[in-house]
Amino acid sequence: MIKALKGQIVYSESSNKLKICENGYLVYEANKIKGVYPTLPEEYEGILVEDYGNRIIVPGFVDLHVHAPQYAFRGLGMDMELLDWLETNTFPEESKYKDIIYAQKAYQMFVDNLKKSATTRACIFATIHKESTILLMDMLEKAGLATMVGKVNMDRNSPDYLREETEESVNETISWLEEVQKKQYQHTKPILTPRFIPSCTDELMCKLKDIQEKYQIPVQSHLSENYGEISWVQELCPKSEFYGDAYDQFGLFGRDSKTIMAHCVHSDEREIKRMKENGVFIAHCPESNTNLSSGVAPVRQYLEEGMHVGLGSDIAAGSTENMFVAMRYAIQASKLRWRLKDEKLSPLTMPEVFYMATKGGGEFFGKVGSFEAAYEMDAVVLDDKRLIHPQEMNVEQRLERMIYLADEREVYAKYVVGEKVSD
Ligand code: GUN
Ligand code: FE
C-alpha cells in the first residue's frame with residue numbers, strides 16, 4: 001500500500017547540503033521511499049496521509065559503532081586512556097554477560113533506550129558470549145530496530161575471565177551464526193566482530209576470514225584509536241606495514257568484505273589510502289575520542305577524499321546513545337582540531353554531521369539514510385516544541401538547534417523499514 005507522511009522534511013543527498021521540503025509529502029510503498037514532493041502528485045491522490053503538521057521529518061539516525069554490554073557503566077571511570085580503561089572497567093563488566101540473567105536485565109535497558117532514541121539502525125558489539133548475544137538479537141528484533149550485531153572474538157591479551165581459546169572462539173562463532181540463521185530475523189543481522197588486533201591471534205584471524213567467506217557476512221572492528229594501541233599492534237604484527245594492513249593481511253579490511261573500522265583517529269596516509277581503495281567505512285566517534293583522550297580524527301579529509309564516514313556513539317567510551325550528541329561533538333571536536341592542530345582541515349558543518357548520522361552511516365546497510373527514491377523507509381518525526389524560541393525560525397535553524405539541544409524527548413514517531421515503531 002502506498003502512504004505518505006506530511007511535514008517539514010529534511011534529508012541529505014550529498015555531504016555538504018541539506019534538502020528541505022517544507023510542508024512536503026514523503027511518499028512510500030511498503031518499505032521503500034517513492035519520493036519527496038511539495039504537493040501530492042495526482043497519481044497519489046487518495047492515499048493515506050499521516051499529517052505531522054509543523055514537525056520535522058528526517059531519515060532515522062544510524063549509530064555505526066556501539067557496545068551494548070557497556071551501556072550499564074556509562075559515565076563511570078573515564079579518567080583513563082584506552083588500554084587502561086579496557087582492563088579496569090570494560091573487561092570486568094563484559095565478563096558479567098556470561099550470566100544470562102544479568103544480560104537480560106542490562107540489555108533490556110539498552111534496547112529500551114535505543115528504541116526511544118532517534119536511532120533506527122545500529123552496528124552493535126555484544127560480548128564473547130554466544131547465548132547473551134542471541135538474547136540481545138532477540139530483543140532488538142522485538143523492538144523493531146534494524147541492526148547488525150556481533151558476538152565478539154577475543155583469544156589473547158585479556159584476563160582469563162574474558163578470553164576464549166582459539167578453537168572455542170571459532171566454534172562458538174560458527175554455532176552462533178548457525179543458530180541465528182534458524183531464527184530468520186527480519187531486521188537483525190550478524191556481523192563478524194574481532195574486537196581489535198591485540199585481542200585476536202593470527203590463527204584466529206585466518207579462521208575468521210574463512211567464516212566471513214562461508215557466511216558472507218560483514219565485519220566490524222577498531223582501528224588507530226590510541227597511540228599506545230597502535231605501537232602495540234606494530235609489536236604484535238611486525239610484518240604489517242601499518243595497523244590497517246594487519247587486518248588487510250587476513251582479508252578483513254574491506255575489499256570483498258563490507259567492513260566498519262571505528263575511530264581512525266591517527267591513521268597515516270598509507271592507512272587512509274588503503275581504507276579508500278578497500279571501501280572501508282569509518283565510524284567517527286568524537287565523544288569517545290574526547291573521553292579517552294584519544295584525539296580527533298581528520299574527518300574533513302575523509303569526506304574530501306570521498307570515503308565512507310558515519311558516526312558512532314561508542315558507548316561506554318561515549319556516554320550516550322543520543323546521536324544528536326554525536327553530531328554536536330563531531331562539530332565541536334573538529335573546531336578544536338582545526339584551531340589547535342591543523343588549520344588546513346576546516347571544521348565540520350551542521351549539514352555534514354547530519355549527513356554522516358544519516359546517509360553516510362546508512363550506506364553500510366545499503367540504500368539507507370536518505371529520502372531519495374528507492375531508499376528504505378526509515379524516518380523519525382521530531383517535535384521541537386520544548387525548545388521554544390520567541391521568534392519564528394526556519395526549518396534549517398530548527399534542525400541546527402536540535403543538534404545542540406535535543407534528546408529522545410523530541411522523538412515524536414519513528415519508522416523503521418516502513419513500520420511504525422510503537423511503544
Ligand atoms: N578497542 C578495543 N575494544 C574497545 C572498546 O570496547 N571500546 C573502545 N573505544 N575501543 C576499543
Ligand atoms: Fe568501540
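Because only heavy atoms are used, hydrogens play no part in the values below, and waters and symmetry mates are left out as well, while side chains stay in. Remember, it's 1-based here, ligands and their atoms both numbered in the order they're listed. Quantities reported herein were computed from a predicted structural model and do not represent experimental measurements.
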Geometric cation-pi criterion, Arg55 with Tyr412: 6.0 Å, 45°: yes

Protein N/O/S count near the Fe ion (ligand 2) (criterion: distance under 2.8 Å): 4

Dump the pairs for me: ligand 1 N or O, protein N or O, distance under 3.5 Å, to 0.1 Å.
from: ligand 1; atom 1: 3 (N); to: Arg195; atom 2: NE; distance (Å): 2.8
from: ligand 1; atom 1: 6 (O); to: Gln70; atom 2: NE2; distance (Å): 2.9
from: ligand 1; atom 1: 6 (O); to: Arg195; atom 2: NH2; distance (Å): 2.7
from: ligand 1; atom 1: 9 (N); to: Glu225; atom 2: OE2; distance (Å): 2.9
from: ligand 1; atom 1: 9 (N); to: Asp314; atom 2: OD2; distance (Å): 2.8
from: ligand 1; atom 1: 10 (N); to: Glu225; atom 2: OE1; distance (Å): 2.8
from: ligand 1; atom 1: 10 (N); to: Glu225; atom 2: OE2; distance (Å): 3.4

Aromatic plane relationship, Tyr247 with Phe253 - under 30° parallel, 30 to 60° tilted, over 60° perpendicular: parallel

Side chain to side chain contact (heavy atoms under 4.5 Å, CB included) evaluation trace for Val395 with Ile56: CA-CA 8 Å; Val395 173; Ile56 292 182; 4.1 Å; yes

- request: Check whether the side chains of Gln212 and Lys209 place a donor and an acceptor atom closer than 3.5 Å, and report yes or no.
  value: yes

query: Is the closest side-chain donor-acceptor distance between Glu408 and Asn113 under 3.5 Å?
result: no

- prompt: Does Tyr71 have Arg74 sitting over its ring (NZ/CZ under 6.0 Å from centre, angle to axis within 45°)?
  reply: yes

message: Less than 6.0 angstrom from the centroid, inside 45 degrees of the normal: does Lys258 satisfy that with respect to the ring of Phe364?
response: yes

query: Are Met356 and Ser15 close enough that some pair of their side-chain heavy atoms sits under 4.5 Å apart?
result: no

Distance-only polar pair, side chains of Thr173 and Asn153, donor-acceptor under 3.5 Å: yes

